[in-house]
Protein chains: 2
Amino acid sequence: MFDPACPSSAMPIRIGDKWSAQVIVCLDEGPRRFSELQVPIRGVTPKVLTQTLRALERDGMVTRTAYAEIPPRVEYELTELGRTLFAPIAACRAWAADNFSAMLEAREAYDNRD
Amino acid sequence: MFDPACPSSAMPIRIGDKWSAQVIVCLDEGPRRFSELQVPIRGVTPKVLTQTLRALERDGMVTRTAYAEIPPRVEYELTELGRTLFAPIAACRAWAADNFSAMLEAREAYDNRD
DNA sequence: CGGAATCCTCTTCGATACTG
DNA sequence: CAGTATCGAAGAGGATTCCG
């Protein structure tokens, strides 16, 4: 789902920490379990995914629902507030589509100057 | 111009590094000198302001023009590419106006839960 | 005036292993 | 399955001092 090779680290705009935006996009299609998030968000360790989810929960962006079953099951879901982040995310994606390559070219020109 | 007491560090959306957005907003009204940027952007040290400006210059967001005078004078100006950042910045400001306080309330409720 | 140099702290992120 | 515990690396950001 997310290409680890994409130069997203160069993006000048960030939503929350490194993984928050990916979590939010993943949760847009409905509630997801912990392990269902780990798959598309490649490269995230359980510890960091937990950190990210806790921070999002603290800010009221997601809800966490634990089911007392064996095996345990936990679902994360976007809240109304979490969905409000989609407008700025969309604006940032539009910016990236229009200007990201120009920025990378400017950067390369700068680095290759003498 | 920018209140250091404002909880901007809690903002889930960031443009570039900690100070880039403020620099861009300051430069919107026209070219500014190094020391003219240091005043409104309270709390930034020369080193970090230099870092920020270099990074923005590298990415083609600002131009740096040094005048060989005594005393020296350096002016920074937004490029066309730098101005494109205004759309996402505006979207983020709109988000903050609408939802920032709700996020802070959710956070406080989370922290005060038993 | 507009930085550069140095040193330092704090946070973020990750690897690995283990558990209720 | 859904985490937690521990350790460690790395980078951002800051304080202070010095320079052309």
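The figures here come from the full heavy-atom set of this structure, side chains too, leaving out hydrogens, waters and symmetry mates. Below, chain A is the first sequence line, B the second, and so on; all start at residue 1. Please read these numbers as outputs of a predicted model, since none were measured by experiment.
Listed pair B:R14 / D:dG13 meets the phosphate criterion, a side-chain N or O lying under 4.0 Å from OP1 or OP2. In this model, the phosphate group of C:dA4 is approached by a side-chain N or O of B:R54 to a distance below 4.0 Å at OP1 or OP2. Contact annotation: A:R33 side-chain N/O to D:dC1 OP1/OP2 distance is not under 4.0 Å. An OP1 or OP2 oxygen of C:dC1 is reached within less than 4.0 angstrom by no side-chain nitrogen or oxygen of B:S35.
Looking only at side-chain heavy atoms (C-beta outward), B:L49 and B:W19 stay at 4.5 Å or farther from each other. Counting heavy atoms from C-beta outward, A:L37 and A:L27 have side chains that approach closer than 4.5 Å. For the pair A:I89 and A:I15, the minimum side-chain heavy-atom distance is below 4.5 Å. Counting only heavy atoms from C-beta outward, the side chains of A:L81 and B:M103 approach each other to under 4.5 Å.
For A:F34 and D:dC1, the CZ to P distance is 12 Å, given to the nearest whole Å. As a whole-Å value, the separation of A:L49 CG from C:dC13 P is 12 Å. Here D:dG13 presents its C1' atom at 19 Å from CZ of B:R42, a figure rounded to the nearest Å. Rounded to whole Å, atom P of D:dG11 lies 18 Å from atom CG of A:D17. With rounding to whole Å, A:L53 atom CG is found 8 Å from D:dG3 atom P. The distance from atom CD of A:Q51 to atom P of D:dT6 is 15 Å, rounded to the nearest whole Å.
If you take CG on A:D59 and CG on B:L104, they are separated by 8.0 Å, rounding to the nearest 0.5 Å.
The number of heavy atoms from other shown groups lying within 6.0 Å of CD (A:E69) is above 12.
The stretch residues 55-76 of chain A touches DNA chain D through A:R64, A:P71, A:P72, A:R73, A:V74, A:Y76, each having a heavy atom under 4.0 angstrom from the strand.
With B:Y67 as the aromatic partner, B:R73 meets the cation-pi criteria of under 6.0 angstrom to the ring centre and within 45 degrees of the ring axis. Stacking of B:R107 on the aromatic ring of B:Y110 is not recorded, the 6.0 Å distance cut-off and the 45° axial limit not both being met.
You'll find that the side chain of B:V48 is closest to D:dG13, out of D:dC1, D:dG13, C:dC1.
In this structure, A:T52 and A:P46 both approach DNA chain C, and ranking their closest nucleotides by distance from the 5' end singles out A:T52.
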Between the protein and nucleotides 5-11 of chain C, which nitrogen or oxygen pairs are less than 3.5 angstrom apart?
none

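If you run side chain to side chain donor-acceptor pair (under 3.5 Å) between B:Y76 and each of B:E57, B:R64, B:R32, B:R33, only B:R64 comes through.
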